[in-house]
Amino acid sequence: MDVHTSRGAAGWAVTVLAYALLLLGLAMSLGGAYLLYLGGTFYFLLAGIGTLVAAVMLKLGLPAGVWVYAATVAGTFLWSLWEIAMKGWMPVWHIDLMARTGLMAGLLAVALLLLPVLYRRGYYQPALPYAGPLLGVLILVGYAGAVLWLIVDSGPDASTTAAADEIRQPSAPDDTDWVAYGGTNLAQRFSPADQITPHNADRLEVAWEFNTGDEPPSDAAPYAFQNTPLKIGNSLYVCTQSNQVFALDPGTGEPQWHFDPQVAVEAQEHVFSTACRSVAYFEAPEPVEECPRRLLLGTLDGRLMALDAEDGSLCSGFGDDGTVDLNDRMDPQALGLLSNTSGPIVVNGIVVVGHQVTDNQRRDAPSGAVRAYDVISGEWQWTWDSVWTTPDRQPPEDEVYPRGTPNVWTAISADEELGLVYLPTGNPANDQYGGDRSPEEEEFTSTLVAVEVDSGEVRWKFTTVLHDLWDYDLGAQPALIDFPTDDGPRPAVVQATKYGQVFVFDRENGEPLLPIEERPAPQGAIEGDWTAEVQRFSPQMPNFGSIPGQEVEHFTGAHTWGATPIDHLYCRIQFERMRYEGMFTPRPSTIPAACCSSRAFSAASTGVAPPSISTTV
């Protein structure tokens with residue numbers, strides 16, 4: 001006789017629970033068997049069998065089914081702790097543990113609450129059936145408390161922001177200036193201003209907020225507010241997604257002036273990312289008739305503009321009435337396929353500008369050429385490109401620079417004393433196929449290139465990824481620092497990479513200041529392509545691409561994630577079905593970015609950022 005026929009509503013509840021466990025057990029057993037066949041963990045099969053046994057026993061009205069399921073959940077708990085510890089992601093262990101065990105623990109709590117219903121007079125033990133509900137309540141309360149803890153734990157750590165007894169004395173006004181995207185052209189991102197310290201940061205409050213009002217013209221425009229304002233003297237210069245520039249009072253946020261370059265909507269919709277990360281600033285060392293203090297603005301539709309820093313008007317003596325056409329000899333084929341999003345840099349009276357191209361759309365994309373112009377007149381000075389080897393000449397007016405070559409889309413750094421600009425390059429236009437690359441393109445793909453600012457000639461270079469098939473282009477601005485060595489500090493350039501390596505070179509000659517290793521890489525590419533036999537690593541610098549406890553990143557099924565055992569299992573099955581040999585697994589055989597709900601392989605999402613800027617005091 002089914003338990004529900006003699007126990008009323010409570011008996012029906014037991015039967016519903018039995019069927020729920022039956023479905024869960026079937027899914028875990030069948031999926032777990034397939035996962036084990038693929039070479040994955042045996043846990044899901046064993047846990048599925050345990051859940052199935054418990055479900056059948058509950059359907060028959062046997063109270064021992066609760067304890068079989070309790071043992072299965074306990075095993076899940078211990079297995080989860082072991083896997084989480086093995087993969088080295090302990091900073092988020094509590095989130096992972098709750099995801100792995102939450103559903104099963106919730107069903108166990110229900111089973112324990114129903115335990116008295118299952119006991120019959122023939123083997124009734126007075127304390128046992130009432131201990132079950134107590135355990136069930138404890139499980140529910142424990143998980144509710146854990147959720148609350150997670151919410152609270154996600155807030156700021158008050159211990160790191162303890163208030164100081166005194167606020168430091170105001171620093172000199174010059175210390176408060178931020179004159180380039182990375183603070184200065186050295187890109188150290190350090191301010192000597194000392195009024196805000198770790199000891200008083202918790203006292204900061206919003207002083208003012210300014211809304212730029214720059215909204216996407218359509219759903220097709222991938223707006224991303226990524227601007228780093230410049231603070232120079234009594235003005236804060238902000239550029240928006242559509243390249244509008246605002247000068248604001250740093251103390252109040254009140255607008256001083258506004259400039260709108262009227263970027264075409266078509267350009268805003270065609271770019272990979274509609275953003276303006278920064279403008280550049282120049283102050284003439286000698287008297288200049290027009291715009292002695294000026295801003296240099298690159299736009300999404302391929303223009304380089306000079307603005308008077310005092311009032312935002314165009315500097316008419318620069319280029320053609322204040323504008324240089326960056327589409328000249330580039331033939332972008334459509335507005336937005338060539339766009340400047342990271343801003344130019346000014347070095348020794350020369351403004352150097354790279355640009356973004358819309359990757360993977362066409363092999364004959366605009367050239368990746370980096371160009372330099374006189375900061376006062378806008379006159380062209382030189383062009384660096386991997387294929388165009390004569391930097392002192394341009395193509396004839398009816399021709400274009402070589403198409404689809406590696407570009408420089410991120411921020412550029414410079415050493416004014418050495419007269420060098422440091423160009424972190426990307427890939428040719430089809431990022432993840434290299435079968436048709438020329439030797440020249442290959443030589444400068446994912447490469448840090450030191451170029452002489454007065455000539456455009458290459459001083460030295462270093463390729464970080466050999467035959468890059470993964471779009472591991474250099475997205476980080478090089479940082480120029482004094483690097484400690486046994487012989488004292490040495491001027492160095494530090495280049496971080498997308499695959500987590502950090503390389504350190506002598507700033508002047510490119511000599512590695514730390515050892516660089518070449519390690520064997522996985523082989524095998526699609527027909528017509530090939531893979532490099534080795535890849536480069538910097539073993540003495542922090543490896544941001546590795547998992548704690550591992551020298552080199554290597555994921556396993558343990559690093560996948562799901563909110564329930566079912567989607568976790570599905571994700572592990574997808575993982576095991578695909579080829580994976582680390583970060584240099586040849587494309588296109590690597591794991592897709594969106595593997596169900598896997599934290600390990602999820603792609604960063606891009607949303608519409610609010611067009612506003614705020615400051616704190």
Report task. Decide if the gap between the ring center of Tyr499 and the ring center of Phe584 is smaller than 6.0 angstrom. Result -> yes
Query raised in the report: Which heavy atom in Arg437 sits nearest to a heavy atom in Thr445, and how many Å separate them?
Result: NH1-CG2, 4.2 Å
Query - Spacing of CZ belonging to Arg303 relative to CD belonging to Gln262, to within rounding of 0.5 Å - result: 8.5 Å
Query raised in the report: So does Glu518 have more than 12 non-hydrogen atoms from other groups sitting under 6.0 Å from CD?
Result: yes
Report summary line: Checking Val375, Asp454, Val421 against Val347 for side-chain contact (heavy atoms from CB on, under 4.5 Å), the one that qualifies is Val421
Query - Atom of Ser342, atom of Thr410 and distance for their closest heavy-atom approach - result: OG-CA, 3.4 Å
Report task. For residues Glu283 and Val179, determine if any side-chain heavy atom of one lies less than 4.5 Å from a side-chain heavy atom of the other. Result -> no
**Report entry** Side-chain donor-acceptor contact under 3.5 Å, Gln268 with Tyr223
**Finding:** yes
Report summary line: Correct closest heavy-atom pair for Thr274 and Val271 would be OG1-CG2, 3.2 Å
Query raised in the report: Do Gln244 and Thr212 pass the side-chain contact (heavy atoms from CB on, under 4.5 Å) test, and can you show the C-alpha distance, the side-chain angles, and the key distance before you say yes or no?
Result: CA-CA 9 Å; Gln244 298 181 51; Thr212 67; over 6 Å; no
Query raised in the report: Taking all atoms of both residues into account, what is the closest heavy-atom pair of Phe503 and Arg536, and its distance?
Result: CZ-O, 3.8 Å
Query raised in the report: Judged by atom type as modelled, is there a donor-acceptor pair below 3.5 Å linking the side chain of Ser413 to the main-chain atoms of Ala479?
Result: no
Requested in this report: Apply side-chain hydrogen bond (donor to acceptor under 3.5 Å, both in side chains) to the pair Thr405 and Ser367, showing each step before the final yes or no.
Outcome: CA-CA 5 Å; Thr405 54; Ser367 172; 3.3 Å; yes
Query raised in the report: When you check the side-chain N and O atoms of Ser242 and Asp214, is any donor under 3.5 Å from an acceptor?
Result: yes
Query raised in the report: Out of curiosity, Leu480 CG to Glu416 CD, how far, rounded to the nearest 0.5 Å?
Result: 9.0 Å
Query - Audit row: Leu295, Phe259, side-chain contact (heavy atoms from CB on, under 4.5 Å) steps and yes/no - result: CA-CA 11 Å; Leu295 303 177; Phe259 173 79; over 6 Å; no
Report task. Report yes or no: do Gln495 and Thr464 form a side-chain donor-acceptor pair below 3.5 Å? Result -> no
Query raised in the report: For Arg363, does the CZ atom sit with more than 12 other heavy atoms under 6.0 Å from it, leaving out its own atoms?
Result: yes
Query raised in the report: Given Met330 and Val400, is the side-chain contact (heavy atoms from CB on, under 4.5 Å) satisfied, shown in steps?
Result: CA-CA 5 Å; Met330 299 292 278; Val400 297; 6.0 Å; no
Query raised in the report: Closest heavy-atom contact between Asp529 and Gly434?
Result: OD2-N, 2.8 Å
Report task. Determine whether Glu442 and His467 make a side-chain contact, defined as any pair of heavy atoms from C-beta on separated by less than 4.5 Å. Result -> yes
Requested in this report: With rounding to the nearest 0.5 Å, note down the distance linking NE2 in His568 to CD1 in Ile573.
Outcome: 11.0 Å
Query raised in the report: Strictly by modelled atom types, are Ser446 and Asn427 linked by a side-chain donor-acceptor pair under 3.5 Å?
Result: yes
Requested in this report: May I ask you to check whether Gln356 and Ser273 show a side-chain donor-acceptor distance below 3.5 Å?
Outcome: no
Query raised in the report: Donor-acceptor pair, Trp382 side chain versus Val370 backbone, under 3.5 Å?
Result: no
Requested in this report: Carefully, step by step, assess Arg507 and Leu418 under the rule side-chain contact (heavy atoms from CB on, under 4.5 Å).
Outcome: CA-CA 9 Å; Arg507 209 183 294 176; Leu418 291 177; 4.1 Å; yes
Requested in this report: Report, as yes or no, whether the 6.0 Å neighbourhood of atom CG on Asp320 holds more than 12 heavy atoms from other residues, nucleotides or ligands.
Outcome: no
**Report entry** Within 6.0 Å of CD in Glu379, more than 12 heavy atoms from elsewhere
**Finding:** no
Query raised in the report: In terms of ring plane angle, is the pair Tyr237 and Tyr281 parallel, tilted or perpendicular, where the classes change at 30° and 60°?
Result: parallel
Query raised in the report: Is it the case that more than 12 heavy atoms not belonging to Glu397 sit under 6.0 Å from its CD atom?
Result: no
Query - Short side-chain to backbone donor-acceptor contact, Asn243 and Leu300, under 3.5 Å - result: yes
Query raised in the report: Between atom CD of Gln535 and atom CE of Met583, what is the distance when rounded to the nearest 0.5 Å?
Result: 10.0 Å
Requested in this report: May I ask you to check whether Phe272 and Trp409 place their ring centres under 6.0 Å from each other?
Outcome: no
Query raised in the report: Quick one: are Arg403 and Gln333 in side-chain contact, heavy atoms under 4.5 Å?
Result: yes
**Report entry** Approximate separation, where rounding is to 0.5 Å, of Asp431 CG and Tyr472 OH
**Finding:** 12.5 Å
Requested in this report: Hey, could you give me the CG/CG distance between Asp325 and Asn327, rounded to the nearest 0.5 Å?
Outcome: 5.0 Å
Report task. Decide whether Gln523 and Thr531 meet the rule of one side-chain donor and one side-chain acceptor closer than 3.5 Å. Result -> yes
Query raised in the report: Is the closest side-chain heavy-atom distance between Pro522 and Pro586 below 4.5 Å?
Result: yes
Query raised in the report: Between Ala411 and Pro478, which heavy-atom pair has the shortest distance, and what is it?
Result: O-CD, 3.9 Å
